[in-house]
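Read the structure below first, then the notes.
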Amino acid sequence: MENQVLRNIVKQLAQTIRKQDFLTYFKKISYLGEIEGVIVLGVVSAFMRDNLTHKFGKEVLEAVKLFVPEAGNIEFQVDRNIENPSNSLVIDCIKEYKDLSKKGKDEEISIEEEVGGINARIINDKYRLDNFIVGPSNQLAFAACEAVTRRPGSAYNPLYIYGDVGLGKTHLLQGTGNAIKTRFKDKKIIYTTADRFLSDYVSSVKKRTVDKLKEKYSSIDVLIIDDVQFLANKTQTQEMLYNIFNIMYESGRQIILSGDRSPRELTELEPRLKSRFEWGIIVDIGVPDFETRLAILQEKARSREFIISQEVAEYIAYNAYSNVRELEGILNQIIAEYELHETPPTLENVSARMNRNGMTNGINLAKSKRNSTTSYDELVSAVSEHFGIDKKSILGEERQKEYMIPRQVAMYLLKNKMNYTYERIGNIFSGRNHSAVLYSCRKLESILKKDQNLYYEVNVIRDKLGL
Ligand code: ADP
Ligand code: MG
């Protein structure tokens with residue numbers, strides 16, 4: 001098999017398998033040969049072999065068939081030489097994945113869109129009302145946006161949202177634009193920022209096309225202008241907006257605005273424009289409380305398919321309290337850290353990072369808040385499911401290698417996260433004695449220090465159980 005074929009297969013898998021699983025299970029793959037239509041792929045360990053076969057056998061076969069149509073089946077085998085690229089066509093899947101996602105990012109930056117002849121910022125569909133987390137700090141603003149999406153132009157016109165930087169104004173404005181777009185397919189919507197509005201205006205003055213620009217703006221159904229404080233002292237641009245505002249308002253078309261202050265406090269704006277801003281509804285956004293911050297963080301992590309344990313998420317949400325952008329900044333950093341160095345977020349490394357950024361007040365609320373009601377049976381089931389090894393084998397006495405790690409993980413979690421005694425764990429695991437359990441727990445601890453991958457998997461299980 002050509003190296004390129006294997007590479008294509010891996011790229012295909014990166015599209016179909018969840019990112020986190022991909023990074024966990026597809027560390028390295030090699031091609032070992034083909035026997036009677038069975039493609040044999042090499043992996044690093046028996047553990048990987050069993051997991052891959054069990055969990056992703058189907059996906060891998062499908063991907064292989066795309067590029068090797070004559071393949072009848074696939075099989076994984078441990079490849080002792082996998083680290084030695086001259087012996088096999090080894091693909092470092094993680095590297096491959098990173099290249100792929102880098103490319104994806106470059107392609108994302110198309111922001112111009114023609115709406116009724118105006119270059120407007122494309123509304124980003126990652127900002128939606130359905131992924132905006134509602135809490136006491138923003139529920140009025142959210143409700144107003146929802147009302148506007150139901151009856152644009154008549155519910156609240158204009159809608160003016162204000163609040164400090166990083167609290168979700170842009171998200172709400174764009175989310176509202178997206179929702180109107182979905183609901184009313186043929187409405188023409190423009191989202192722009194005040195400084196872009198300003199520069200459009202300035203260039204139309206230079207080109208002597210001001211009337212045309214005004215006409216175009218006035219022909220749209222929904223005008224969204226973000227950050228109107230940037231119009232401060234720009235009297236001619238304000239005048240232009242004032243005219244557009246009047247035309248739109250009189251014909252019942254929706255205007256949505258945001259600013260960093262209430263209209264009243266925008267002292268550098270012309271009084272008549274300010275008073276227009278006050279005609280409809282004015283709502284503010286405040287700093288989200290702990291619960292809301294936690295929910296936002298979890299939503300952002302989920303949307304990026306990144307898993308953070310409850311403990312770490314609570315720690316971040318507790319300490320990143322001034323705005324949401326800060327919260328996201330930390331999340332971005334720990335995801336980058338994981339992708340570059342495969343270091344999963346732990347309480348220790350995250351708090352060290354936040355300390356370096358000057359973001360902690362030294363209180364760890366997360367630890368004291370936990371309160372687990374998981375039973376040992378639920379734990380063993382979760383371990384069994386995760387590793388694809390049946391419960392009987394985990395609890396039993398067989399000393400096969402494949403069973404050892406899952407068994408040790410289960411014991412370790414019972415001891416360290418659920419406070420079971422060694423005796424009690426021994427009873428659960430076929431009546432082992434105290435020192436056998438102690439040995440297993442210690443053994444796993446030392447493995448976890450070296451094996452980031454396994455460490456990560458243990459965190460996945462903990463997260464599932466809220467441990
Ligand atoms: P602003 O425009 O007020 O400065 P943004 O809308 O740019 O703030 O918000 C900053 C980041 O925080 C964005 O990525 C946004 O998605 C996120 N964000 C803020 N509030 C929420 C929320 N309630 N739910 C989900 N994400 C939020
Ligand atoms: Mg903004």
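Both counts, for ligands and for their atoms, begin at 1 and track the order of listing. We're numbering straight along the sequence, starting at 1.
Taking atom 25 (C) of ligand 1 as the reference point, the nearest protein heavy-atom neighbour is N131 O, 3.5 Å. The shortest contact between atom 4 (O) of ligand 1 and any protein heavy atom is with G166 N, 2.6 Å. Protein heavy atom at the shortest distance from atom 8 (O) of ligand 1 is G168 N, 3.0 Å. The protein heavy-atom contact nearest to atom 23 (N) of ligand 1 is I133 O, 2.8 Å. Shortest contact from atom 17 (C) of ligand 1 to any protein heavy atom: V324 CG1, 3.4 Å.
T170 and D226 form a side-chain donor-acceptor contact under 3.5 Å, judged by distance and modelled atom types alone. In this structure, a donor-acceptor pair under 3.5 Å is absent between the side chains of D50 and T53. S251 and R253 form a side-chain donor-acceptor contact under 3.5 Å, judged by distance and modelled atom types alone. Under the 3.5 Å distance criterion, with hydrogens and angles disregarded, a donor-acceptor pair is assigned to the side chains of Q298 and Q310.
Residues E385 and K464 are in side-chain contact: their nearest non-hydrogen atoms beyond the backbone lie under 4.5 Å apart.
Residue contact check: D164 has heavy atoms under 4.0 Å from atoms 3 (O) of ligand 1. Proximity to V165 (heavy-atom distance under 4.0 Å) selects the following atoms of ligand 1: 4 (O). Proximity to N138 (heavy-atom distance under 4.0 Å) selects the following atoms of ligand 1: 23 (N).
Within 6.0 Å of the CD atom in E445, the count of heavy atoms belonging to other residues, nucleotides or ligands exceeds 12.
Inclusion of S258 in the first shell of the Mg ion (ligand 2) is not supported: no N, O or S atom falls under 2.8 Å.
Of all the listed residues (K169, H171, R325), H171 holds the heavy atom that lies closest to atom 15 (C) of ligand 1. Here the shortest heavy-atom distance to atom 26 (N) of ligand 1, taken over E326, K300, E328, E299, belongs to K300.
Under 4.0 angstrom from ligand 1, the non-hydrogen atoms of I296 all belong to its side chain. Counting heavy atoms closer than 4.0 Å to ligand 1, residue I285 contributes nothing at all.
Checking side-chain atoms of R462 against main-chain N and O of L467 turns up a donor-acceptor pair under 3.5 Å.
No option in Y249, Y242, Y160 other than Y242 meets the side chain to side chain donor-acceptor pair (under 3.5 Å) test with R276. Screening L213, L223, I220 for a side-chain contact (heavy atoms from CB on, under 4.5 Å) with I244, the sole residue that qualifies is L223.
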